[in-house]
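Encoded as structure tokens, the structure appears first; notes follow it.
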Protein chains: 2
Amino acid sequence: MAINFADSCLINRMRYYIELSPDDESLLMELEKDEVSFRSRRRLNLSNYPTHLFIVKSGWLYSYTDLDEKRRQVLRIHYPGDVVGLTEIAMQEPFSEMRTVSDVVLCPFPKSRMDEIFIQSPRLTALIFSLGMLDQVVLLDRLKMMNRAHAANRVAHFFLEIKARLKVHTADPGNATFDMPLTQEVIGDAIGLTNVSISNAIRRLEADNLLSSERKTVTIHDEEKLKAMVDFQDRHFKIDTSWFPHK
Amino acid sequence: MAINFADSCLINRMRYYIELSPDDESLLMELEKDEVSFRSRRRLNLSNYPTHLFIVKSGWLYSYTDLDEKRRQVLRIHYPGDVVGLTEIAMQEPFSEMRTVSDVVLCPFPKSRMDEIFIQSPRLTALIFSLGMLDQVVLLDRLKMMNRAHAANRVAHFFLEIKARLKVHTADPGNATFDMPLTQEVIGDAIGLTNVSISNAIRRLEADNLLSSERKTVTIHDEEKLKAMVDFQDRHFKIDTSWFPHK
DNA sequence: CGATATCTTGATTATGCTCAACGACAGTGG
DNA sequence: CCACTGTCGTTGAGCATAATCAAGATATCG
């Protein structure tokens with residue numbers, strides 16, 4: 001019955017940043033008691049969970065909103081160790097829909113469970129708050145690229161961000177090659193381009209020998225050069241925990 | 001010596017959403033003990049406050065990052081009642097710069113003061129957390145407009161967002177006319193257009209009799225029509241507080 | 001009042017969009 | 001095992017929106 005700590009991506013991710021007390025770990029494990037599985041490439045019907053948040057236990061999924069009949073905005077890509085729904089915690093009605101990219105296992109828990117964390121662990125609260133704010137910074141980075149960068153640079157930045165996130169969220173050792181199960185259409189809807197432009201951009205990046213992409217994987221050939229080219233900052237690698245409560 | 005509650009935009013804004021206990025109010029008032037003033041249209045030098053956050057007591061300012069020599073991305077507009085710097089709380093180094101739009105009074109307080117709130121008031125913590133997440137939703141709305149909407153719609157959406165925010169942040173009764181001290185260049189840098197395009201877009205909106213803009217004010221002529229046109233949602237008006245801790 | 005910042009308007013250019021057709025591939029069922 | 005289907009990625013032609021460059025008009029500040 002005891003959950004192995006190593007099984008929880010969320011706990012591993014939290015541990016990446018701070019030391020967790022046994023109490024903190026129990027609090028987090030409590031959130032992953034239940035599991036629900038979803039098949040690949042399905043729209044999630046979460047009407048059974050109107051006031052729940054979800055921890056991603058395995059698989060990729062993304063949230064989006066429709067704009068008109070043919071266009072949509074992909075808001076966020078979710079990886080194992082993410083908490084899905086935090087962004088919407090203040091909303092009375094859901095404002096986004098979800099789709100799975102691969103087979104996915106989610107752990108639903110009610111919003112009100114956040115209370116217990118807020119009440120029992122100021123230190124964990126500070127970390128969750130910080131990670132939420134960090135997501136905002138990542139969003140601002142994306143906004144910046146959308147507004148000002150050309151297609152190829154947007155795509156390169158998008159891939160670098162995914163690589164940086166995978167490194168913290170999973171046991172990824174940081175290899176040059178990593179999984180990219182998203183279709184070009186989804187990437188386009190995320191960074192504001194059409195699938196056609198994504199295709200052209202990737203081919204241009206390949207021609208310049210900066211990266212290559214085949215069969216749902218991406219290989220970064222010269223990470224430093226690429227980072228410099230798009231002014232990429234890894235927001236996940238290190239955060240400021242110096243001000244956290246000590247308890 | 002006693003601060004009048006009504007003097008604090010932040011407390012007023014918080015009160016808009018939940019009832020504050022006397023302890024909560026003291027916690028918040030503690031944050032506004034110090035004041036620093038800045039002149040209009042200045043770049044803020046905050047190197048004296050490397051680990052501080054700021055409550056905006058009066059005036060408008062904005063944060064931005066430079067992209068290249070000639071372009072920058074305006075990240076956020078800050079109004080009275082905002083907490084500036086929350087987004088960067090997890091960053092070890094500042095990632096944005098600030099400029100005042102009008103004369104501004106800020107109340108600086110150290111990051112670590114957030115601890116006291118986390119430790120002493122889970123209810124206030126829940127509210128601050130929710131408002132942070134709400135900012136993310138607003139950011140996602142903006143991202144959506146940037147990626148998919150044409151110039152005029154972006155500008156209209158931007159104005160509607162400001163109007164909605166002013167209503168909650170200040171004692172603004174929701175008049176059709178409101179202050180808009182930002183230059184067209186700043187607006188452009190915020191929503192990813194050049195000053196030229198902003199000018200054209202505003203003139204088109206005026207020609208269509210949807211709004212008018214003169215001398216640093218904007219008047220919305222048909223708010224409902226405009227909201228429908230750009231699919232605007234007011235994220236500030238009402239938030240879900242049902243799950244908050246009661247104490 | 002002069003100096004500067006801001007806004008307006010026009011001509012030209014460029015990037016990405018739309019529309020469209022084709023090829024590669026995976027999954028399905030006969 | 002193979003034809004069938006649908007998704008996904010590639011490539012090309014023409015088009016549209018906003019960028020750039022530039023000059024003139026207006027407003028604002030000291």
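Chain A is the first sequence line, chain B the second, and so forth, proteins listed ahead of strands; every chain is numbered from 1.
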Begin from the C-alpha positions of A:N45 and A:S47 and carry the test side chain to side chain donor-acceptor pair (under 3.5 Å) through to its verdict. CA-CA 6 Å; A:N45 180 354; A:S47 53; 2.7 Å; yes
Sub-4.5 Å side-chain heavy-atom contact between A:T183 and A:K216: yes
Bend angle of the helix from C:dC1-D:dG30 to C:dG30-D:dC1, from helix axes over five pairs at each end, nearest 10°: 50°
In this structure, which one of B:R235, B:R165, B:R142 forms a salt bridge (charged side-chain N to carboxylate O under 4.0 Å, His left out) with B:D135? B:R165
Proximity to DNA chain C (any heavy atom under 4.0 Å), residues of residues 187-195 of chain A only: A:G192, A:L193, A:T194
[X] has a side chain; which of [options] sits nearest to it?
X      : options               : value
B:R41  : C:dT9, C:dA5, D:dG9   : C:dA5
B:S199 : D:dG30, C:dT8, D:dT11 : C:dT8
A:V196 : D:dT20, D:dG12, C:dC7 : D:dG12

More 5' along DNA chain D: A:K216 or A:R148, using each one's nearest nucleotide? A:K216
Earlier contact from the 5' end, DNA chain C, for A:A152 and B:L182: B:L182
Can you tell me how far P of D:dC15 sits from NE2 of B:H150, to the nearest Å? 17 Å
Can you tell me if B:Y49 uses its side chain to pair, donor with acceptor, with the backbone of B:P110 under 3.5 Å? no
